[in-house]
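Single-structure report; data block below.
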Amino acid sequence: MPEPADRRYGPATLPRSRGPVSAAVLDALRRPPHDLPAGLGADLDPADPITDEDLQLTLFLCYELHYRGWRGVDEAWEWQPTLLALRAEAERPFAAALRRLVGAPPVPAAGVAAGLAELVAADDGPPLAATLQRHADLTQFREFVTHRSVYHLREADPHSWALPRLGGPAKAALVEIQTDEYGNGRLDRMHAELFRRTLERLGLDTGYGAHLDAAPAVTLATNNLMSLFGLHRRWRGALLGHLAAFEMTSSLPNRRYGNGLRRLGLDEEATRFYDEHVEADAVHEQIAAHDLCGGLVRVEPALAPDVLFGAAAGLAVDRLFAAHLLGCWAAGRSSLRPPAPPALPPKVSLVASPEVAPPALV
């Protein structure tokens with residue numbers, strides 16, 4: 001029987017907490033909008049914000065209110081001032097960690113498109129795609145797809161935040177890319193729908209946000225990075241740079257993912273999502289580098305450093321993500337967070353209540 005549409009398309013069910021701040025946010029979201037306690041975010045400055053479970057979940061909880069919301073949560077929370085203030089407190093250490101991670105990539109004399117090509121050429125991330133193509137077993141491939149479901153079930157949405165913030169050639173280029181991502185207006189061709197079929201073929205839950213509890217902080221960080229850039233107009237250059245790097249590094253890995261699934265005996269329906277990206281992203285990478293980012297910088301030259309920062313940040317966080325998966329698999333353990341412990345059964349009294357007569361023995 002098909003899933004209910006609201007499970008497929010959202011809103012998502014609230015996940016479990018991962019620390020004191022995310023627990024407080026979850027508790028608040030289950031009630032009508034109200035002011036959060038002062039100082040709630042004071043402890044959101046961990047040693048490694050990118051892999052801190054509490055910080056990344058707190059950001060994800062706040063950001064999702066601007067996407068499809070949370071099941072049972074009052075929509076007025078989206079613009080609740082103290083929640084927005086908490087989000088800003090969580091964004092500061094995250095943004096600072098990104099800057100420490102990649103610095104400020106220089107803009108070459110040849111221009112921003114050349115700078116993007118240099119970043120991509122220098123990217124030496126762990127061989128996740130090659131591992132999935134040649135060595136991963138079905139359990140590991142299902143884990144990878146579980147991680148990626150957080151993004152792919154809303155694919156293209158974070159970058160669409162840039163559309164109303166652009167004009168001229170950059171806007172036209174972004175529309176061209178996003179039109180393909182959204183299936184040219186056909187539901188069955190939308191990339192999110194193609195990915196849902198991959199989930200189905202792998203026997204995984206296809207509900208929107210269904211795998212949030214299993215996704216560790218570094219997986220949430222790959223998504224929160226896009227939301228950080230997308231929800232702040234001042235980061236529009238970084239958002240386009242992120243998209244360009246995404247497209248420029250997509251075609252070959254997707255070919256490998258598709259071949260990995262074929263090696264494991266999966267059918268064309270399972271691989272269609274990846275096969276679609278092999279051709280589409282080969283075209284998109286040229287549009288993204290030259291027309292999208294190049295077009296933006298021709299109109300707003302001061303944004304060139306932001307474009308390269310966004311690209312470098314996206315590549316760097318993806319390297320951390322790949323290293324997490326490969327490190328866990330090399331150690332013989334799952335890359336996903338453990339499931340929730342089973343709920344304890346209610347206590348049952350073995351003594352008959354005096355007000356209720358015991359059943360007659362026949």
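Using a 4.0 Å cut-off between charged side-chain N and carboxylate O, Arg7 and Asp205 make a salt bridge. Salt-bridge check for Arg196 with Glu193: passed, with a basic side-chain N closer than 4.0 Å to an acidic carboxylate O. Using a 4.0 Å cut-off between charged side-chain N and carboxylate O, Arg18 and Asp54 make no salt bridge. The pair Arg262-Asp275 meets the salt-bridge criterion, since a charged nitrogen lies less than 4.0 angstrom from a carboxylate oxygen. For the pair Arg148 and Glu143, the salt-bridge criterion is not met [side-chain N within less than 4.0 Å of a carboxylate O]. The pair Arg337-Glu53 meets the salt-bridge criterion, since a charged nitrogen lies less than 4.0 angstrom from a carboxylate oxygen. Ion pair Asp267/Arg201 flagged as a salt bridge, since at least one NZ, NE, NH1 or NH2 atom sits closer than 4.0 Å to an Asp/Glu carboxylate oxygen.
Under the rule for a ring-ring contact (aromatic ring centres under 6.0 Å, His included), His135 has no partner lying at least two apart in sequence or in another chain. Applying the side chain to side chain donor-acceptor pair (under 3.5 Å) test to Tyr182 and every residue at least two apart in sequence or in another chain returns Asp157, Ser160. Looking at residues two or more places apart in sequence or on another chain, you find no side chain to side chain donor-acceptor pair (under 3.5 Å) involving Arg255. With sequence neighbours excluded, the residues satisfying side chain to side chain donor-acceptor pair (under 3.5 Å) with Asp188 are Arg186. Every residue meeting the salt bridge (charged side-chain N to carboxylate O under 4.0 Å, His left out) condition with Asp27, not counting sequence neighbours, appears here in chain and number order: Arg31.
Residues Glu118 and Pro108 have side chains in contact (heavy-atom distance under 4.5 Å, counting atoms from C-beta outward).
The closest donor-acceptor contact from the side chain of Asn184 to the backbone of Asp180 lies at 3.5 Å or more, if one exists at all. With Thr51 contributing its side chain and Ala217 its backbone, the two residues share no donor-acceptor pair below 3.5 Å.
Hydrophobic clustering of Ile, Leu, Val, Met, Phe, Trp and Tyr side chains at less than 4.5 Å, counting indirect connections, unites Val25 with Tyr67.
Geometrically, Arg236 does not engage Phe229 in a cation-pi contact, judged by NZ or CZ lying under 6.0 Å from the ring centre and within 45° of the ring axis. Both tests hold for Arg68 against Tyr208: distance to the six-membered ring centre under 6.0 Å, angle to the ring axis within 45°.
Contacts classified as ring pair (Phe, Tyr, Trp, His ring centres under 6.0 Å) and involving residues 295-323 (residues at least two apart or in different chains) are given here: His147-Phe321, Trp235-Phe309.
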